[in-house]
Amino acid sequence: MKVNTKFLNNLVSEISTDQMMEHLQEFSRWKKLAGTTEEAQSLNYIRGVLNSYGLKTTLLYHDAFISLPEAAHLDFNGKRFKAITHSMALPTSEAGLTRKIIDLGSASQETFDATDVRDQIVLIDGMATPEMAKRCRHAGAVGQIHISPHEYLHEMCLSPVWGNPDSETVKNLPTSSAVTISDEDGKIIREQLTITPALPATIHAKVDTGWRKTPILIADLEAKNALKDAPYILFSGHHDTWYEGVMDNGSANATMMEVTRCMAKNRNAMKRHLRLCFWSGHSQGRYSGSTWFADQYWHELERNCAVHVNVDSTGGEGNTLLSTAPAATELSELAQDVIKRHSGQEHDGIRMARNSDQSFWGIGIPSLFGILSCQPAETVGVRNALGWWWHTPYDKIERINPALLLRDTQIYANALGYLVSDPYLPLNIAAQVADLLSNLAEIQLPSECSLSLTALHAEVEELHKEMIVFQEKRLDSPEAYLKRDRTLMLVSRQLVPLDYTYGDQHRHDPALPLPKWPSLETLRNLADETGGSDALRLRQGLAIRSSNRLLSNVRNARALITR
Ligand SMILES: [Zn+2]
């Protein structure tokens, strides 16, 4: 059996720009901060629309640690500067936080290491990121002034803690107050500091942080003719926003709704179900919604979710670059195919990054996309390169280009169309295993250490060969296709946690940059050591445990496909 091209063509050609622009008019009405009434009203609108398409919808509420920035300004050298504060930053007292300013420029780790910033305010070029909050916490700085790359001030969440804090991760929450000012104001302050170094500044910032109830909307589109045990494809995007957030993430929500409308009309051709999740707590809770959902429904997701597709900020004006859309290696052929078809661009094969509600890697679910379209590289970039209006009050309907929204939504429709209808679930796990092989080959352990990777290499090579044979096998019955789906899912449960987590799959790694195949990181660290040093011996302990874990998972994967 081949892929149903009629279904795919219908699905893609029925996507309507008018329908999506109508949704965006609705989303323009509400500021959807996590846990607020306006967020609930907007979500209610989505629920009504999805019910009218024949989906079964469920609204959940759960406890979330949410931080809403309020009024802020900065006083310096007798002048008041316009500023915003940030989600998860500490609020200041009424009198403000007054300390000397230390200018760290772009604030690399080396600069932090070389400078005593304890109990001071640091001045930093660029946006307020979790990485900078972490460096400030370690270095003991109590205040952060971030200089925006331009006149616009971008809302940010500072916490590196993925999801709600728990009794172990609560210590990693930010411990400083923070503001962002414009590039012009940054220049004024910096010039004054070169004349009179270590002048004090006063940060005034109100931040409303605490536990509140936030919603998750789930909507299920059942495949009409699927076998009883058919898995589902998770299609998710955040619904909470900064300001009205018509692009981020209104347009993506419109994409979700429109793909679903067209799929519901053609559901007879679906072999797998579609589940939509609209998260809260993305913008002001560091992915608290998706993380809670992953923990709460772990076993159900492990058993039935075949792939997670995420969507963020579709159709932004000038967002013409698609080649950097992230995809897991096993899904990058699919990404390449659908991106090329609708834009003519080649996909770079770029990996998923640690953002965009990617809370399901520990479970072992392969993931596709997040931010699909960006500003071209030559545009002066901000974080994520989504346009100067991103995370500002200017994220309005005027910033949406209907033609680009249609293009992006057709790409999603096409990718999801394959995922729900292709009798052969389009996961190229052999490519993922080849990627593991090449990453392993880069690691040369020092001759002094007692650990050898020979057995692991051999097992991964065998898995690669067996995976190719498995994927090329042609089948002839719905039961055989379903069995193939189920086997690939079980193999993913073994490999995705190696590809995208450091170790414990039941924890969530922090919202900080993640190396490729983080499970190899302790082996890479060991490879950096030379001689029979104590440092080598210390690193050996962690490395041998990682290699044991890798070998076990690879052997489990082999047993699954050769059974
Ligand atoms: Zn977003």
Side-chain angles (χ1 to χ4, degrees), residues 20 23-24 27-28 30-34 36 39 42-43 46 64 66-69 86-88 127-130 152 154-159 162-163 214-217 234-257 276-291 293 308-319 321-322 324-326 352-359 367-375 381-397 399-400 404-405 408-409 412 511:
M20 290 190 282
H23 299 320
L24 293 189
F27 294 140
S28 299
W30 295 297
K31 292 191 174 85
K32 299 167 282 285
L33 296 171
T36 61
E39 180 197 40
S42 171
L43 207 53
I46 297 178
I66 299 296
S67 177
L68 307 180
H86 295 293
S87 177
M88 303 287 179
M127 300 181 122
T129 60
Y152 303 104
H154 300 271
E155 300 287 343
M156 299 295 284
C157 176
L158 281 181
S159 175
W162 191 277
T214 61
I216 298 174
L217 176 64
L234 173 62
F235 186 22
S236 90
H238 68 92
H239 168 263
D240 60 316
T241 56
W242 291 111
Y243 308 99
E244 287 84 358
V246 178
M247 174 188 76
D248 187 4
N249 211 21
S251 58
N253 293 158
T255 292
M256 293 168 78
M257 294 159 82
L276 305 184
C277 281
F278 295 83
W279 313 119
S280 179
H282 167 102
S283 312
Q284 297 98 23
R286 187 54 81 208
Y287 320 130
S288 55
S290 59
T291 310
F293 190 79
H308 172 214
V309 180
N310 185 268
V311 58
D312 203 297
S313 303
T314 41
E317 175 184 72
N319 285 355
L321 185 74
L322 293 158
T324 56
M352 303 298 296
R354 190 83 184 120
N355 54 33
S356 295
D357 283 298
Q358 296 299 337
S359 303
S367 47
L368 179 67
F369 298 152
I371 292 163
L372 175 70
S373 55
C374 285
Q375 302 273 298
V382 292
R383 193 173 186 249
N384 288 339
L386 279 171
W388 57 266
W389 60 90
W390 174 72
H391 286 198
T392 76
Y394 306 101
D395 185 355
K396 304 257 196 207
I397 199 161
R399 301 278 77 80
I400 302 300
L404 295 184
L405 180 59
D408 288 354
T409 304
Y412 273 98

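In each ligand, atom 1 is the first atom listed, and ligand 1 is the first ligand listed. Heavy-atom basis, side chains included; hydrogens, waters and symmetry copies ignored. This is a predicted model, so every value here is computed, not measured.
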Once the angle between the rings of Trp390 and His154 is folded into 0 to 90°, is it parallel (under 30°), tilted (30 to 60°) or perpendicular (over 60°)? tilted
What N/O/S atom of His238 gets nearest to the Zn ion (ligand 1)? NE2
Would you please classify the geometry between the His282 ring and the His238 ring as parallel, tilted or perpendicular, with 30° and 60° separating the classes? parallel
Applying ring-ring contact (aromatic ring centres under 6.0 Å, His included), run through Tyr243 and Tyr394 and close with a yes or a no. CA-CA 8 Å; Tyr243 308 99; Tyr394 306 101; 8.6 Å; no
Tell me if the aromatic rings of Tyr287 and Trp162 count as close, with their centers under 6.0 Å from one another. yes
Metal check, the Zn ion (ligand 1) vs His282 N/O/S, cut-off below 2.8 Å: no
Angle at the Zn ion (ligand 1), OD2 of Asp312 to OD1 of Asp248, rounded to 10 degrees, please. 130°
